[in-house]
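Here is the naming used below: chain letters follow the sequence lines, and residue numbers restart at 1 for every chain.
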Amino acid sequence: MVARDLLGAVMISYLAGETVAGHIVETEAYLGYDDPASHAWRGRRHRGNEGIYSPPGSWYVYLSYGMHCCANLVCGPTGLGAAVLVRGLVPLEGVEIMRRRRAARKFRHPERLEGGPGRDAALTDGPGKLSQALGITRELDRQPMPASPVVVVEGFGVTDDELRITPRIGITKAADLPLRFLLASRLRHRVA
DNA sequence: GCGCCGATTGGCT
DNA sequence: GCCAATCGGCGCC
């Protein structure tokens with residue numbers, strides 16, 4: 001199960017000439033063709049979702065709610081449309097850079113910076129937020145991960161003990177399937 | 001062509 | 001806890 005394997009891994013971005021990294025602590029699996037919640041449901045195709053059909057190991061980055069980018073790793077056989085959404089990181093390196101990038105796009109009160117003592121996790125605790133902190137845009141869509149400016153490398157091991165599996169959140173279709181994976185040791189406010 | 005909705009986030013009641 | 005921001009896709013006329 002790839003979504004589970006990504007937990008504890010380190011996601012590193014070299015975008016815009018700056019290095020930022022974080023531990024992956026939350027993922028969700030989208031199964032592709034047979035999954036009503038997947039962008040690849042029943043083989044749907046349009047300009048925005050072509051990336052989900054790229055070869056396993058490619059990035060699929062889509063625009064959410066017209067303003068946020070969300071990063072997925074394609075993981076199934078080519079053409080199936082299976083992918084794992086990275087929903088949460090814990091910042092590891094480049095916190096100052098993440099803070100600057102996040103502040104840059106806060107529309108009303110950009111002066112309210114995230115980060116600071118015990119607040120760094122707020123920089124990357126959602127799929128849109130972590131994409132912003134890492135500098136991820138649709139440019140990354142369809143790129144093979146290992147050769148791209150954003151890579152995932154082995155991190156710490158995850159024991160069954162700290163693994164939590166819950167239904168996916170923020171969706172309406174197939175919302176009952178237990179396909180959300182997270183680390184109990186890094187629980188944040190959203191956790192059900 | 002038109003209106004509604006979403007794998008989100010931030011701000012304010 | 002509710003709602004606006006913002007836009008591409010989709011259903012329907």
Rounding to an integer number of Å, can you tell me how far His68(A) NE2 sits from dT9(B) P?
6 Å

How would you list, by chain and number, every residue that makes a side chain to side chain contact (heavy atoms under 4.5 Å, CB included) with Ile171(A), sequence neighbours excluded?
Tyr30(A), Ala37(A), Arg168(A), Ala175(A)

Pairs flagged by side-chain hydrogen bond (donor to acceptor under 3.5 Å, both in side chains) wherever residues 146-161 of chain A is involved - sequence neighbours left out:
Arg4(A)-Asp160(A), Trp59(A)-Ser148(A)

Do any N or O atoms of the protein come closer than 3.5 Å to N or O atoms of nucleotides 7-9 of chain C, and which pairs are they?
residue	atom	partner	partner atom	Å
dG9(C)	OP1	Gly48(A)	N	3.0

Test of understanding: with salt bridge (Lys or Arg N to Asp or Glu O under 4.0 Å), list the residues that count as partners of Arg45(A), not counting sequence neighbours.
Glu50(A)

Atom-to-atom span, OH of Tyr62(A) to C1' of dC10(C) - whole angstrom
17 Å

Using a 3.5 Å distance criterion without hydrogens, assess whether the side chain of Ser58(A) forms a donor-acceptor pair with backbone atoms of Pro144(A).
no

Please list every donor-acceptor pair under 3.5 Å in which a side-chain atom of residues 5-13 of chain A meets a protein atom from a residue at least two apart or in another chain.
residue	atom	partner	partner atom	Å
Ser13(A)	OG	Leu15(A)	N	3.2
Ser13(A)	OG	Leu134(A)	O	2.7

Rounded interatomic separation in angstrom, taking CG from Asn72(A) and P from dT8(B):
11 Å

May I have all residue pairs that pass side-chain hydrogen bond (donor to acceptor under 3.5 Å, both in side chains) and include part of residues 89-101 of chain A, sequence neighbours excluded?
Glu18(A)-Arg100(A), Glu96(A)-Arg99(A), Arg99(A)-Asp120(A)

Please identify each residue that fulfils side chain to side chain contact (heavy atoms under 4.5 Å, CB included) with Gln132(A), with sequence neighbours left out.
Arg102(A), Arg105(A)

Which whole-number value in Å describes the distance from Trp41(A) CH2 to dC5(B) P?
17 Å

Arg138(A): which residues meet the salt bridge (Lys or Arg N to Asp or Glu O under 4.0 Å) condition with it, sequence neighbours left out?
Asp141(A)

Report the residues that fulfil side chain to side chain contact (heavy atoms under 4.5 Å, CB included) with Pro167(A), sequence neighbours left out, ordered by chain and then residue number.
none

Could you check whether any side-chain heavy atom of Gln143(A) comes within less than 4.5 Å of a side-chain heavy atom of Pro149(A), counting everything from C-beta outward?
yes

DNA chain C contacts among residues 73-84 of chain A, heavy-atom distance under 4.0 Å:
none

Taking atom P in both dC4(B) and dC3(C), compute the distance separating them and give it to the nearest angstrom.
16 Å

Distance check needed: dT9(B) P versus Asp125(A) CG, whole Å only.
8 Å

Which part of the nucleic acid, if any, lies within contact of Ile171(A), taking any heavy atom under 4.0 Å across all strands shown: a base, the sugar-phosphate backbone alone, or nothing?
sugar-phosphate

Would you indicate what Ile52(A) reaches in the nucleic acid, counting non-hydrogen atoms under 4.0 angstrom: base, sugar-phosphate, or nothing?
base

Taken to the nearest whole Å, CD/Glu28(A) to C1'/dG6(B) is 14 Å

Distance, rounded to the nearest Å, where Leu123(A) contributes CG and dT8(B) contributes P:
19 Å

Could you list the donor-acceptor pairs under 3.5 angstrom formed by side chains in residues 60-86 of chain A, with sequence neighbours left out?
residue	atom	partner	partner atom	Å
Tyr60(A)	OH	His39(A)	ND1	2.6
Asn72(A)	ND2	Tyr60(A)	O	3.2

Reading 5' to 3' and counting Watson-Crick or G-U wobble pairs with both distances under 3.5 Å, write the dot-bracket notation for DNA chain B, | for bases paired outside the strand.
||||||.|||||.

Separation of atom NE2 in His39(A) from atom C1' in dG6(B), rounded to whole Å
8 Å

